[in-house]
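Input: a single structure, listed below in structure tokens.
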Amino acid sequence: MTTDAAGPVTGEASASWQALGTGVQVTVTEGRQLAAARAMLEADLAAVDLACSRFRPDSEIVALDRVTGGGPAEVSPLLAEAIAVALRAARLTDGDVDPTVGAAMNAVGYDRDFSLVAREGPAVKLTVRTIPGWRQVEFDEQARLLRLPPGVRLDLGATAKAWAADRAATRIAAATGGGVLVSLGGDVAVSGRAPDGGWRIRVQDVSGRPEDPPTGPSAVVAIRTGGLATSSTAARRWRRGGDILHHILDPRTGLPAAVVWRTVSVAAATCTDANIASTAAIIRGRAAPAWLTELGLPSRLVDEAGRVHTVAGWPTEAGDAS
């Protein structure tokens, strides 16, 4: 489904559609720039999908599975940038956000676009497994040469959408000269001059537009720069036998992270950094509030019972359990 909404050509305008298996939204402060902004974003996302999707047999990252002989493979500039972002996330989080979980993700049933994952299915054997670990990835960023140990499959899903949102927002703002918001499945990046009052965003299991009806615990916040990301164990769940599974894996076990928080939202200097922190917070569980506070990242954490906890300057809400 595709929608476009615009006021006067000099006012805010937005468009929304589906891509990368998630909802996409672009909003511009200058309505006359909407068509150009949308065209740029569509082209950017198509390129990212072709480089980074582990669900497309023709993608560049899937082609790495066919590299034999243990030698390094040269990757495209776009995939090189995406891999560098993923490895930086691993370094910053001491391996909590690890791109070598690809095989483990397949093992728990997330082996295709989420729209095609059966929500109910027979039991699967869930086995604690050793993730190869990001330190096993040899990557020369300057030469764009990548060497993976045999059997290692990369999954860039923890960082690619947020990075793509940052990249597109910056490019669109530079090209149009106006302010822009790009949202990819709730990973929100803004660039250029913000509207009066900032960019208003509804924060919930999957962040959305403030005018949309909320689903579950929600709040509306505003940002002027940088990005905001939400990681959720509730948005992408499926059942296998008696086990409820989700898509955020703990690299220490190769299994879905223990559910302490149903949703973590973080604001940061970039959408990528916000997403790295929100994903790591899901994995860190009860240690997450202190960690986010130490980093000084405004954050909103919602536990399984729906209680809201805010830290590091995130606006308090009625019923805040912090």
Side-chain angles (χ1 to χ4, degrees), residues 22 82-99 101 134 155-167 169-170 181-191 199 201-207 217 219 221-236 246-252 256-303 308-317 320 322:
T22 194
I83 292 171
V85 168
L87 293 176
R88 174 177 174 268
R91 287 193 299 272
L92 291 176
T93 62
D94 294 325
D96 283 339
V97 182
D98 190 316
V101 298
W134 65 277
D155 175 17
L156 306 182
T159 52
K161 286 201 300 293
W163 160 71
D166 280 328
R167 181 175 179 271
T170 299
L181 175 149
V182 172
S183 174
L184 303 180
D187 291 343
V188 178
V190 301
S191 189
W199 294 103
I201 303 163
R202 181 179 296 282
V203 177
Q204 52 192 8
D205 288 345
V206 177
S207 296
V221 297
I223 63 173
R224 291 185 174 276
T225 60
L228 186 151
T230 295
S231 296
S232 176
T233 61
R236 297 193 174 199
H246 62 81
H247 72 296
I248 300 178
L249 300 193
D250 184 340
R252 295 164 186 79
V259 179
V260 175
W261 310 110
R262 62 178 286 158
T263 299
V264 178
S265 300
V266 178
T270 65
C271 182
T272 301
D273 284 351
N275 182 256
I276 291 169
S278 64
T279 303
I282 292 285
I283 294 166
R284 294 192 176 208
R286 300 194 185 283
W291 178 67
L292 293 166
T293 299
E294 182 180 355
L295 293 174
L297 294 175
S299 305
R300 176 182 185 268
L301 305 92
V302 183
D303 64 25
V308 176
H309 307 253
T310 58
V311 301
W314 186 283
T316 57
E317 303 172 23
D320 193 326
S322 300

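Using a 4.5 Å cut-off on side-chain heavy atoms (C-beta onward), R88 and T159 make no contact. For the pair V182 and V188, the minimum side-chain heavy-atom distance is 4.5 Å or more. Considering only heavy atoms from C-beta on, P298 stays 4.5 Å or farther from V311 through its side chain. Between V264 and T230 there is no side-chain heavy-atom pair separated by less than 4.5 Å. Taking 4.5 Å as the limit, every side-chain heavy atom of L184 sits out of range of all side-chain heavy atoms of C271. At least one side-chain heavy atom of L292 sits less than 4.5 Å from a side-chain heavy atom of L301.
Evaluation of the side chain to side chain contact (heavy atoms under 4.5 Å, CB included) rule for A268 yields D273, A274, L297 as partners, not counting sequence neighbours. Here W261 pairs with H309 under the ring-ring contact (aromatic ring centres under 6.0 Å, His included) rule; sequence neighbours left out. Here V260 pairs with R286 under the side chain to side chain contact (heavy atoms under 4.5 Å, CB included) rule; sequence neighbours left out.
Ion pairing between D96 and R284 holds under the 4.0 Å rule for side-chain N and carboxylate O.
The closest side-chain donor-acceptor pair between T310 and T316, if any, does not fall under 3.5 angstrom.
Scanning both residues, G95 and W134, for their nearest heavy atoms gives CA-NE1, 3.6 Å. Minimum heavy-atom separation, W291 to A277: CZ3-O, 3.6 Å. Nearest approach of V97 to P99, heavy atoms of both residues: O-CD, 4.0 Å.
Going from atom CH2 of W199 over to atom OG of S191 covers 10.0 Å, rounded to the nearest 0.5 Å. To the nearest 0.5 Å, atom CD1 of residue I282 and atom OG1 of residue T263 are 6.5 Å apart. A distance of 12.5 Å separates OG of S265 from CZ of R202, quoted to the nearest 0.5 Å. In this structure, CD1 in I283 is found 9.0 Å from CG in D98, a value given to the nearest 0.5 Å.
The side-chain contact (heavy atoms from CB on, under 4.5 Å) with D166 is formed by just one residue from the set D187, T272, V85; it is T272.
The main-chain N or O of I276 is never found under 3.5 Å from a side-chain atom of T279 such that the two would form a donor-acceptor pair. Side-chain N or O atoms of S232 include one that pairs as donor or acceptor with a backbone N or O of R262 at under 3.5 Å.
Both the sub-6.0 Å distance and the 45° axial angle are not jointly satisfied by R300 relative to the ring of W314.
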